[in-house]
Amino acid sequence: MKIGSAATCVGLFVLLRCAWAVSQYRDMLKLTQQEFNGLPQHLQLELLIGTVCCLIGGFVIAGGVKPIVISRGAPSVDTGSCRPGFIQVNHRGKALPLPALVTS
């Protein structure tokens with residue numbers, strides 16, 4: 001758990017530092033009156049490293065994936081969501097004109 005938290009914290013720190021560096025880079029471009037064509041490669045690499053660290057930390061913190069086990073006595077998903085009391089037969093949609101799906 002501590003490795004995941006550390007990786008997430010490092011990733012967030014790297015992403016915040018990258019955001020600050022991008023802001024400084026954009027300010028420098030404005031001062032020199034140059035057009036923004038994209039981020040330099042070292043900032044793109046820094047962004048990728050921070051994102052990967054955050055993802056790895058999140059996966060480690062979340063833990064392993066556990067299988068879903070359905071017991072035999074429990075109702076299935078299909079029958080569990082069937083609620084006949086909520087079915088509306090007489091509703092205002094009948095008053096709307098049907099779209100012409102078949103043209104002759």
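The analysis underlying the following values was restricted to heavy atoms, covering all of them including side chains, and did not include hydrogens, waters or symmetry mates.
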Please list, one pair per line, the donor and acceptor atoms closer than 3.5 Å that link side chains of residues 28-41 to other protein atoms, with sequence neighbours excluded.
residue: Thr32; atom: OG1; partner: Met28; partner atom: O; Å: 3.0
residue: Thr32; atom: OG1; partner: Leu29; partner atom: O; Å: 3.4

Under the salt bridge (Lys or Arg N to Asp or Glu O under 4.0 Å) definition, can you give me all pairs with a residue in residues 48-65, not counting sequence neighbours? none
Under 3.5 Å donor-acceptor pairs involving side-chain atoms of residues 45-64, not counting sequence neighbours:
residue: Glu46; atom: OE1; partner: Arg17; partner atom: NH1; Å: 3.4
residue: Glu46; atom: OE2; partner: Arg17; partner atom: NH1; Å: 3.3
residue: Glu46; atom: OE2; partner: Cys18; partner atom: N; Å: 3.4
residue: Thr51; atom: OG1; partner: Leu47; partner atom: O; Å: 2.8

Phe13 CZ: over 12 foreign heavy atoms closer than 6.0 Å: no
If hydrophobic residues (ILVMFWY) are linked whenever their side-chain heavy atoms come closer than 4.5 Å, directly or via other members, who joins Val14 in its cluster? Val10
Please check: side-chain N/O of Ser23 versus main-chain N/O of Ala19, any donor-acceptor pairing under 3.5 Å? no
For Arg26, which residues count as a salt bridge (charged side-chain N to carboxylate O under 4.0 Å, His left out) partner, sequence neighbours excluded? none
Among Ile, Leu, Val, Met, Phe, Trp and Tyr joined by side-chain contacts under 4.5 Å, find the other residues sharing a cluster with Leu16 and list them by chain and number. none
